[in-house]
Each structure stands twice: as structure tokens, then as C-alpha cells.
Q: 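This is the structure I want to talk about, given as C-alpha cells.
These numbers come from the heavy atoms of this one structure, side chains and all, not from hydrogens, waters or symmetry mates. Start at 1 and go down the list; that is how both ligands and their atoms are numbered.
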Amino acid sequence: MGESGDWRAWRREFPIFEHTIYLNACSLGPLARRVRAAAVRFLDLWGAHGASAWYEVWLGEIQALRAAVARLIGAKPSEIAILPSVTDALRVVASATADRRRPAIISADLDFPTVPYQWLSRPGAEVRFARSADGTTVSLDAYRACLDDRASLVATSHVFFLSGRIQNVPVLAALAHEHGAYLLVDAYQGLGQVPFDAPSSGVDFLISGGLKWLLGGPGIVYLYVREALHERLDPQGSGWFAHGDPFAFHAEAFAHAPDARRFEGGTPAVAAVFTGRAGLDIVNEIGPARLRARQVELVTDLVAKLRARGWSPRVPEDLADHAGIVTVPMEDPRAAVAFLKERSIVTDSRPGLLRISPYFFNEPADHDAVVDALDTYRRGAGAAATGR
Ligand SMILES: Cc1ncc(COP(=O)(O)O)c(C=O)c1O
């Protein structure tokens, strides 16, 4: 089967395309048949075995998930902690890195808000913002201007959720370390669509999860912690899954696990462990390099078609540091999203922007459909259809 045949076969793995043109992976990756099958397998094991499913299958499944995450980012399974949300991962890192002599945390104004909120909600933390000059990128100088010897952590994005721009993580890691700060990267919008090697990047903490490009659905997040930090950092407010020997049940003696498990909490959501791994298996099977090449092809096609119809997508000429999130400035993007939805085309919006995010299962015909529908919308059918 040729390359395009392969992609068509992958598209058939996602039943939503039988009735919908889905262009919204950056909000929620669509459900794959094998991810649904993994959820059913979890239920079947629970139904057939009850508690013994834990010891016989589920604990092994958690380990297999760590291995799948590690494979994706060139790390070791012992460097991966499993948590339910980005916010939970941030909370545990915040507890482990808090330093009264270094209260400053640096984020970017383009980061997903839950990142700075983690420290804005902590009395005593001093949050500084590296600001974007153009609404799509943040310069290294903007981060540099925020750094001094009061900074403990730079916590920012791999790919900006509003612009699709990819940040240079190795350069950010070097900058943070030069000032004695750690680097935490929120890669929820990056992993899957952008290849990433965690150990060689210098990043200290990397967070991603199933929801979007890793196709595993909600409730499952992966925290990479660089091995050299494990013994140095003691998260606070830990639970039994962070203990070195949870099944020893020593209520009076807490001792952190020697590896990244020390960043975990309590019983994980095992259904999401199953779906998370099934999603990651798809990403690992295709491989990040092929996925990235496919993204560049798709974004190039989408941008050309939008421009040909007079829209001005916010992407640079050179797509080398741009991922699969294409935003188009328009007056009332929510009305456009609703108009497209009525035509079974799923996109989403952020203030002032229509956001279109193709992934490997999309094809150029999807882009023809979206630009055709946007033409109709602009000609006024949109106003009528939405009752304005
Ligand atoms: C970049 C980024 N980080 C984090 C989140 C969500 O964080 P949480 O898992 O805490 O809901 C999102 C969106 O859902 C996101 O786009």
C-alpha cells in the first residue's frame, strides 16, 4: 500500500469520519476503534475478575503505559509518572520545587492559563510573564528579561495552544539552567505531532497526556521527570502510589519511591490507563517523524487554500517551527464554528480566532470542504443560519 493508502486506512480507524469532517485534534483527539476496544477490555476484565484484575493485569498495564510514553520521548519508564490532569502534574512539581529564597516562576502570556494559575494561586509565589510582541511567539529575550537569582522555575509551553508555534526547548533549558532555575514544559499541544527527545533536550519536567494529539482521551497525563532529579526532589502531600513499596502498607513510615513514581498520588483511573496506552500505541506505531512530515504537508495545504480564498491564517512563511494548529482571525469565530458544525465540519474558536487543527487522519479534501463552507458563511448565509 502506498503512503496515501496508509493514511486512508488510518482514517478508517476513526469512525467519526463516517459522518463528520473532524478538524479539532487540538481540543480533543477523536476516538479510534482500538481505543474504544481498550476501554471495553478494561470493563471486561473488571467484570470477569473483580479485584484480581488489579494484580493480574491492571498493574502491568500501568507499567506498559509508562514504557509507551518513555518510548515516545526517548526516556526511561522510571522517568514517567502517571497523573489525571496537567493541573495535578503542575501541583506536584510545584510542591517539590518550592524554594523560599527563589519565589519567582516565569511563564509566558501565551501559555495555557492553568500553567501560571498554579503559581498565581499560591501565596508567596511571584509569577513573572514573558510577553509576546506579536501574539504568536515569545522571544528568548522576553524570557531572559524575567530571569534572575530569585527564579526557581520556568514553566511554559512546547507548542502554544493559541498560535501553534513550537518553542525551542533545548535553548530554553540552557537559559533556565544558566540562572539556576528548572525548566518545566507543558507539551500537551506538542507530543504526538512534534518529535521530542526528552533527555537530550535538557528539560527537567515535561507534561503531556491523552486528551489531544496522543489520542487517549481525558483523565490521563504523563509527567516526565529527569532521572538526576528523582532523589533530589521530594513532593509534598504524597499518596500511597508515591511510596517506594505501596503494598507493604506501612501507615507510620512514608518513604518516597526512588524514581518518578514519587510524583504520583493515589489509585489511578485505570480505564484511562487503558485508553491512554491504546492512543499512544497508534502514535508510536506511525512514529513522530512521519507524523510531523504529514502535519507539515497538511498545514501547507490548508494555509494555501485559506489564502487563496482571501483569509489570513496566522502562520509564518517557513513552517519549520509551526505545528498543526492554524488560527484565522475573524470577527465572530463562534458563529463560524456553529455554521461549520451545521455542515458536519468540526473546528473551534478562541477570542477573535477560528482554530483549525488537522492531524494525520485528515486529507486535503477536508480542507476543500472547510474553505468552501467558509466562503458560503462569508457570503452571508452564516448570518442567516445563526439568526443574526
Ligand atoms: C497546552 C494545554 N495545557 C493544559 C491543558 C489542560 O490542562 P488540565 O489537564 O489541567 O485540564 C490544555 C487544554 O486542555 C492545553 O491546551
Side-chain angles (χ1 to χ4, degrees), residues 22-31 65 69 73 80-95 105-122 127 129-130 132 135-138 153-167 169 172 183-194 196 203 205-224 263-265 268-269 271-273 275-276 279-280 295 321-327 337 346-351 353-359:
Y22 195 78
L23 283 160
N24 198 13
C26 74
S27 286
L28 175 64
L31 176 64
L65 176 59
V69 178
I73 57 172
I80 310 298
I82 309 284
L83 290 147
S85 74
V86 173
T87 304
D88 287 286
L90 293 168
R91 193 179 291 133
V92 70
V93 172
S95 82
I105 312 296
I106 289 91
S107 279
D109 57 355
L110 297 184
D111 287 329
F112 191 82
T114 211
V115 174
Y117 288 175
Q118 180 58 227
W119 287 276
L120 286 170
S121 62
R122 287 175 183 265
V127 183
F129 284 95
S132 171
T136 65
T137 58
V138 178
L153 183 73
V154 176
T156 190
S157 308
H158 181 203
V159 168
F160 287 123
F161 79 110
L162 275 180
S163 70
R165 291 298 277 270
I166 306 168
Q167 296 227 89
V169 174
L172 280 172
L183 176 68
L184 177 149
V185 168
D186 171 2
Y188 224 1
Q189 293 291 3
L191 292 194
Q193 59 160 337
V194 181
F196 191 80
V203 72
F205 309 96
L206 183 84
I207 304 171
S208 192
L211 196 64
K212 302 162 188 292
W213 310 94
L214 298 181
L215 305 172
I220 191 83
V221 156
Y222 318 123
L223 167 66
Y224 159 88
F263 285 79
E264 294 187 354
V273 169
T275 56
L280 266 167
Q295 283 298 75
D321 59 357
H322 194 92
I325 299 175
V326 176
T327 50
V337 168
V346 177
T347 56
D348 81 345
S349 68
R350 290 294 177 268
L353 299 169
L354 174 69
R355 204 168 59 149
I356 309 174
S357 52
Y359 205 14

Q: Do Val115 and Leu90 come close enough that some side-chain heavy atom pair is under 4.5 Å?
A: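 In short, these two side chains touch, coming nearer than 4.5 Å.
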Q: Considering only non-hydrogen protein atoms, determine which one is nearest to atom 3 (N) of ligand 1 and report residue, atom name and distance to 0.1 Å.
A: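 For this ligand atom, the closest protein heavy atom is Asp186 OD2, 2.7 Å.
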Q: Within ligand 1, which atoms have a heavy atom of Ser85 less than 4.0 Å away?
A: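 Those qualifying, in numeric order: 9 (O), 10 (O).
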Q: Could you check atom 9 (O) of ligand 1 against the protein and tell me its nearest heavy-atom contact, residue, atom and distance included?
A: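 So the nearest neighbour among protein heavy atoms is Val86 N, 2.9 Å.
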Q: Mind checking whether Phe161 and Asp186 have side chains closer than 4.5 Å, heavy atoms only?
A: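 Phe161 does not reach Asp186 side chain to side chain.
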Q: Among all protein non-hydrogen atoms, which one is nearest to atom 16 (O) of ligand 1, and what is the separation to 0.1 Å?
A: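 Of every protein heavy atom, Gln189 NE2, 3.1 Å lies nearest to atom 16 (O) of ligand 1.
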Q: Would you check whether Tyr188 has a nitrogen or oxygen atom less than 3.5 angstrom from a nitrogen or oxygen atom of ligand 1?
A: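 Min N/O separation from ligand 1 is not below 3.5 Å for Tyr188.
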Q: Below 4.5 Å, heavy atoms only, C-beta onward: do Gln167 and His158 meet side chain to side chain?
A: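 No, every pair of side-chain atoms sits at 4.5 Å or beyond.
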Q: Taking distance alone, with N or O pairs closer than 3.5 Å, would you say Val221 contacts ligand 1?
A: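 Checking ligand 1 against Val221, no N or O pair falls under 3.5 Å apart.
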Q: What residue and heavy atom of the protein are closest to atom 11 (O) of ligand 1, and at what distance?
A: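 So the nearest neighbour among protein heavy atoms is Thr87 OG1, 4.5 Å.
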Q: Protein heavy atom under 4.0 angstrom of atom 7 (O) of ligand 1, is there one?
A: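 Protein heavy atom within 4.0 Å of atom 7 (O) of ligand 1: present.
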Q: Please check if the number of heavy atoms outside Tyr117 that lie under 6.0 Å from its OH is greater than 12.
A: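 Result for OH/Tyr117: open.
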Q: Please work out whether any backbone atom (N, CA, C, O) or any side-chain heavy atom from C-beta onward of Thr114 is under 4.0 Å from ligand 1, and answer side chain, backbone, both or neither.
A: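 Within the 4.0 Å criterion, Thr114 contacts ligand 1 through side-chain atoms alone.
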Q: What residue and atom, counting heavy atoms only, is the protein's closest point to atom 13 (C) of ligand 1, and at what distance?
A: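 Nearest neighbour among protein heavy atoms for atom 13 (C) of ligand 1, to 0.1 Å: Lys212 NZ, 3.1 Å.
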Q: Give a yes or no answer on whether the side chain of Thr327 reaches the backbone of Ser163 with a donor-acceptor pair at less than 3.5 Å.
A: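 Side chain of Thr327 to backbone of Ser163: no pair is present.
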Q: Could you walk me through whether Ser132 and Asp109 satisfy the side-chain hydrogen bond (donor to acceptor under 3.5 Å, both in side chains) test, starting with their C-alpha distance in whole Å, then the side-chain angles of each, then the deciding distance to 0.1 Å, before giving a yes or no?
A: CA-CA 7 Å; Ser132 171; Asp109 57 355; 5.0 Å; no
Q: Can you tell me if Ser107 uses its side chain to pair, donor with acceptor, with the backbone of Ala155 under 3.5 Å?
A: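 Yes, because the side chain of Ser107 sits within donor-acceptor range (under 3.5 Å) of the backbone of Ala155.
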